[in-house]
There are 2 protein chains.
Amino acid sequence: MSTTTSGTPTKLQLMELLAAIGTAQWRDFAAAAAHHGLTSTQAKVLAQLNGPLPMRALATLLVCDASNVTGIIDRLEARSLVRREPDPSDRRVKNVVATDEGRDIIRRVREEMQATSGALDTLDAAESTTLYDLLARLRPGMEKSA
Amino acid sequence: MSTTTSGTPTKLQLMELLAAIGTAQWRDFAAAAAHHGLTSTQAKVLAQLNGPLPMRALATLLVCDASNVTGIIDRLEARSLVRREPDPSDRRVKNVVATDEGRDIIRRVREEMQATSGALDTLDAAESTTLYDLLARLRPGMEKSA
DNA sequence: ATTGTTTACTTGACCACCTCAAGTATCTGG
DNA sequence: CCAGATACTTGAGGTGGTCAAGTAAACAAT
């Protein structure tokens, strides 16, 4: 007896498997980011910047204190991967926008997640759809705050 | 048009969904840990300690430098959640073992992952099995190092 | 329009985590 | 016995995170 229990998995087993997958994907992401001189946090922030985004919005997305964002953006800006622009309609807010270089680097990071990418290639269309639907159903419940 | 694309998901969509689920579970874990005065790293280490484990083995499991483990265990030991024991067969190694209090606290952290737990409750037995099997197939490929 | 409240951001202090380089103690193979 | 590997710690230095306090701008309200 051990891992060959192919009956219905317990909730605990599922949670551990989910955690293992999550950890693996995170490491793949962190490795790709490091390959371009970025920490995973920096890469994650860069990945959110499809358009101009106020500092506060970033803090909300990252679920962290606003002062934390200041530091992260400071470091990204020092490398010219990001710019702070004044908001025309509210002089309190600073909109963060990715520079061309920033967009380029995050695109390459995404492309280099080979472990994750390779693993997903082993699923056929039907399996991908099944997995996607199941995870999509799980998502809202997992993102509940309390 | 937008998220209602119920055809075959693209690999990118699957990767983003997986990342979202991973982040949500991680936050659930971190919140439960914080509820007991632990950082997520500390809780993660505690969760590995089913038996005595050398510092080096921990570093390997966490994929980090050995010196990092020294600090983490220092802090856990300061709270009596963990003990360092000499290894009888090799005086260089120190085996880390969880104290009763440590085992107790990590058990409670696991029990309090309510968001994740609640989300998984919405799957029936067949769906759980399907999800488990798909993820189990994905796992080895994702854990490949490079 | 002044006064008061809320909001956005920054700064500084402080801690956790992480790596690297160096040092000590111990083991292991020749 | 000795040379080299291994296990752990220490110290320096950077990143990520919180909290408290401060500044500046927007807003609300009479």
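So you know, we letter chains A, B, ... as the sequences are listed, proteins then strands, and number each from 1. As the structure is a computational prediction, the values presented were derived from the model and not from experiment.
- Contact annotation for A/Thr39: backbone-only contact, meaning every heavy-atom pair under 4.0 Å involves sugar-phosphate atoms and none involves a base.
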Is there any protein nitrogen or oxygen under 3.5 Å from a nitrogen or oxygen in nucleotides 24-27 of chain D, and what are the pairs?
residue	atom	partner	partner atom	Å
D/dA26	OP1	A/Arg91	N	3.1
D/dA26	OP2	A/Arg91	NH2	3.1

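- When all heavy atoms are compared, the tightest approach of B/Ala24 to A/Met142 is CB-O, 3.7 Å.
- For the side-chain contact (heavy atoms from CB on, under 4.5 Å) test, residues two or more places apart in sequence or in another chain that qualify with B/Ala20 are A/Arg139, A/Glu143.
- Looking only at distances, a side-chain donor or acceptor of B/Glu127 sits under 3.5 Å from a matching main-chain atom of B/Asp124.
- Expressed to the nearest 0.5 Å, how far CD of B/Gln114 lies from CG of B/Asp28 amounts to 8.0 Å.
- Distance CD1 (A/Ile73) to P (D/dT15): 14 Å, rounded to an integer number of Å.
- In this structure, CG of B/Asp74 is placed 11 Å from C1' of D/dC8, rounded to the nearest angstrom.
- Within a heavy-atom distance below 4.0 Å of DNA chain C, no residue of residues 45-62 of chain B is found.
- Without hydrogens or angle criteria, B/Thr116 side chain to B/Gln25 main chain gives no donor-acceptor distance under 3.5 Å.
- Legend: residues meeting side-chain hydrogen bond (donor to acceptor under 3.5 Å, both in side chains) with A/Asp90, ordered by chain and number and at least two apart, are A/Arg92.
- Proximity of A/Thr41 to the phosphate of D/dT15: no side-chain N or O atom is located under 4.0 Å from OP1 or OP2.
- The pair B/Glu101-B/Arg79 fails the salt-bridge criterion, with no side-chain N (NZ, NE, NH1 or NH2) lying under 4.0 Å from an Asp/Glu carboxylate O.
- Between A/Asn95 and A/Pro52, the shortest heavy-atom contact is CB-CB, 4.1 Å.
- With hydrogens and angles disregarded, a donor-acceptor distance shorter than 3.5 Å links the side chain of A/Arg137 to the backbone of B/Thr122.
- When the P atom of D/dA7 is taken as reference, atom CG of B/Asp65 falls 13 Å away, rounded to whole Å.
- Residue side chain A/Ser67 reaches the base of D/dC19 through a donor-acceptor N/O pair under 3.5 Å, judged by distance alone.
- Heavy-atom contacts of chain B under 4.0 Å fall on DNA chain C between two terminal nucleotides, which in 5' to 3' order are C/dA16 to C/dC27.
- Residues meeting the side-chain hydrogen bond (donor to acceptor under 3.5 Å, both in side chains) test with A/Thr23, sequence neighbours left out: none.
- Using a 4.5 Å cut-off between side-chain heavy atoms of Ile, Leu, Val, Met, Phe, Trp and Tyr, with links allowed through other members, B/Leu18 and B/Trp26 fall into the same hydrophobic cluster.
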